[in-house]
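Scroll down for the structure; my scribbles are underneath it.
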Amino acid sequence: PPPALHTCQGLARCLPDEGQVNTSGPRLLLSTPHPASSSSTAMDRIFSALLLSLLLLLQSYDVCGAPPQPRGTLCRTKPTDLVFIIDSSRSVRPHEFEKIKVFVSRVIEGLDVGPNSTRVGVINYASAVKNEFSLKTYHTKAGLLQAVRRIEPLSTGTMTGLAIQFAVSRAFSDSEGGRARSPNFNKVAIVVTDGRPQDGVQDVAARARAAGIEIFAIGVGRVDMHTLRQIASQPLDDHVDYVESYSVIEKLTQKFQEAFCVVSDLCATGDHDCEQICVSTPGAYKCACKEGFTLNNDGKTCSACSGGLGSALDLVFLIDGSKSVRPENFELVKKFINQIVDSLEVSDKQAQVGLVQYSSSVRQEFPLGQFKNKKDIKAAVKKMSYMEKGTMTGQALKYLVDSSFANINGARPGVPKVGIVFTDGRSQDYITDAAKKAKDSGFRMFAVGVGNAVEDELREIASEPVAEHYFYTADFRTISKIGKKLQMKICVEEDPCECKSIVKFQTKVEDLINSLQQ
């Protein structure tokens, strides 16, 4: 995915020369969003940009925290001779056959592939059987994946029994790269079919199992379930799978990746309590923290480094909960609020967070200082219910000024006040007076608009310099402009020689990412 944010802590020492990172000093951070949707990508970039602005607000020239550690591998697979037996009869449409190929590729991606590790072959069948490639053909994952992409459907009948017989007599043979039966090796066949076979499968499947081949049977759509049970190894609950259509066959990928695991990764399975990064070790795991965070004494949780966002800060989110936002997008907003919270050092003496939601009325979700740690704040954000009415942004801004940043509601005298206003539409009331009062009161105001938000209103809400405090995107394809504006903002505030090197390096990174995407 494209980077949500390029930023650097301690800019004066970040890049001493032509894009070379000083490994003893600060490093360039690339924060990548989950690629689930363009909405998710855009929202991640907006809030990441806000996070950079907050970092600049409370910038520190020191570095702390361990660099991110790589996650453990998904699993170590036992050496296996694996043969896919895939149905490409006329009932399997071309676009559905492509889904089968994606499924096969995803399973391969989770394997340890090599001549002494897992070997993979593919049998394609319809009325006849075609050996696409054998166990000895490819010994690298890249070669296998390229070969899978080249497979074409046969589009005739459904001779499943014949295909299984071919696997027993030919595909798993020594001449095709099969290894001798041994406790050190597994022999596995995965059969994918969507119909009733035109030949018998019971006897030939029994011979395959007797030869030590473990058979998984996957049925799709109007498949004959009795046939699947005749094919599969025992226990049937573990070896027979059914999906309603080829469009969802990929959801079985994880099951087969886990089926080939010998040593499970506790990090990958989620059986750990690390707050940020889980690092797999043999039979165990250890916790680590992202750049800019330190591991607490409990060995599990992380805290932001002192300085930067660890400095005292009263931060209030003012979130549009009108009906135009829509429930699925409201959930995205909640996730990215928590993304920012993750980067704060929350305590009585450092960062405090408040949350206000508005629509036709204003509702304080929680005031500044109510929650003393990130875990409780994030839990409260997740529980926030969607108001789903109008858009009274002016009324919400007035509430922010009069109540959210009032001492009686947890605000601290002398501590910087930051408001982040999110909206996706035109306000149904006047915002001018309240927006001016917020800025005149010394609050630093950021305005974020998406979709039908009115740019003039965002500019009216934003602090000076306006261009650095408001973020607007009419559609998500233009969101990258935010990152460029933030680069220029860094340039104004830092040594211009250092800044030139930073921008040059970031441009190289962006060019590399764009080429990878292509």
Side-chain angles (χ1 to χ4, degrees), residues 46-47 49-58 309 311-322 325 333 336-337 340-341 344 351-370 381 384 387 390-450 453-472 482 485-486 489:
I46 289 176
F47 280 95
L50 284 169
L51 180 56
L52 173 57
S53 297
L54 293 174
L55 280 165
L56 292 171
L57 174 65
L58 298 168
L309 287 185
S311 302
L313 172 72
D314 286 347
L315 170 64
V316 175
F317 292 93
L318 193 61
I319 302 302
D320 180 353
S322 60
V325 174
V333 174
F336 294 116
I337 291 173
I340 293 178
V341 171
L344 300 173
Q352 293 189 153
V353 178
L355 177 61
V356 175
Q357 184 184 173
Y358 72 93
S359 59
S360 297
S361 58
V362 179
R363 184 173 76 199
Q364 178 173 260
E365 302 292 345
F366 54 85
L368 288 166
Q370 177 175 332
V381 171
M384 176 172 58
M387 294 178 73
T391 311
M392 302 295 283
T393 309
Q395 183 181 344
L397 286 167
K398 187 176 187 304
Y399 183 91
L400 182 79
V401 174
D402 297 340
S403 299
S404 296
F405 285 129
N407 294 347
I408 195 172
N409 281 324
R412 296 164 294 180
V415 172
K417 308 291 190 295
V418 176
I420 298 177
V421 181
F422 172 86
T423 182
D424 85 326
R426 180 184 295 274
S427 177
Q428 295 173 331
D429 61 352
Y430 294 106
I431 67 167
T432 301
D433 292 344
K436 183 176 185 301
K437 187 175 180 181
K439 291 178 285 187
D440 289 347
S441 299
F443 307 150
R444 191 165 189 182
M445 301 297 296
F446 292 89
V448 181
V450 177
V454 178
E455 192 165 358
D456 287 345
E457 291 184 354
L458 298 177
R459 298 175 67 90
E460 197 164 7
I461 293 169
S463 292
E464 295 287 346
V466 171
E468 297 175 11
H469 289 82
Y470 90 94
F471 306 90
Y472 169 76
I482 291 175
K485 292 179 183 178
L486 287 169
K489 177 177 180 179

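Residue numbers run from 1 in the order of the sequence given. Quick caveat: nothing in here was measured; it's all calculated off a predicted structure.
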The side-chain hydrogen bond (donor to acceptor under 3.5 Å, both in side chains) partners of Thr432 (sequence neighbours excluded) come to Glu460

Is the backbone of Ser427 close enough, under 3.5 Å, to the side chain of Glu457 for a donor and an acceptor to pair up by distance? yes

Residue set satisfying side-chain contact (heavy atoms from CB on, under 4.5 Å) with Ser359, at least two apart, ordered chain then number -> Met387, Lys389

In chain order, what residues pass the side-chain hydrogen bond (donor to acceptor under 3.5 Å, both in side chains) check against Thr391, with sequence neighbours excluded? Ser322

Is it true that, when you exclude Arg426 itself, more than 12 heavy atoms of the residues, nucleotides or ligands shown sit nearer than 6.0 Å to its CZ? no

Using the salt bridge (charged side-chain N to carboxylate O under 4.0 Å, His left out) rule, collect all pairs that involve residues 431-441, keeping only residues at least two apart or in two chains. Asp402-Lys437, Lys436-Asp440

Find the distance between CZ (Arg444) and CD1 (Ile420) and round it off to the nearest 0.5 Å. 11.0 Å

Rounded to the nearest 0.5 Å, how far apart are OG of Ser360 and CD of Gln395? 8.5 Å

Distance from Leu318 atom CG to Thr423 atom OG1, nearest 0.5 Å? 9.0 Å

Please give me the minimum heavy-atom distance between Met445 and Leu400, naming the atom from each residue. CE-CD2, 3.4 Å

Closest heavy-atom pair and its distance - Asn409, Pro367: O-CB, 3.6 Å

Could I get the full list of salt bridge (Lys or Arg N to Asp or Glu O under 4.0 Å) partners for Asp456, not counting sequence neighbours? none

For Val356 against Ser404, the heavy-atom pair lying closest together: CG2-OG, 3.5 Å

Residue of the set Val333, Leu355, Ile319 for which side chain to side chain contact (heavy atoms under 4.5 Å, CB included) holds with Val381: Leu355

Using a 4.5 Å cut-off on heavy atoms from C-beta on, say whether the side chain of Leu368 contacts that of Val316. yes

Test: salt bridge (charged side-chain N to carboxylate O under 4.0 Å, His left out). Region: residues 406-415. Which pairs qualify, not counting sequence neighbours? Asp314-Arg412

Nearest heavy-atom approach of Ala447 to Leu458 is CB-O, 3.4 Å

Could you check, using the six-membered ring where one of them is a Trp, whether Tyr399 and Tyr358 have ring centers closer than 6.0 angstrom? no

Could you report the tightest heavy-atom contact between Leu397 and Ala434, atom names first, then the distance? CB-CB, 3.6 Å

Is Ile461 close to Thr393 at the side-chain level, that is, under 4.5 Å between some pair of heavy atoms? yes

For a quick test of reading the model, state the closest non-hydrogen atom pair linking Tyr470 to Ala462 and the distance between them. CB-CB, 3.8 Å

Taking atom NZ of Lys417 and atom CG of Leu313, what is their separation to the nearest 0.5 Å? 9.0 Å

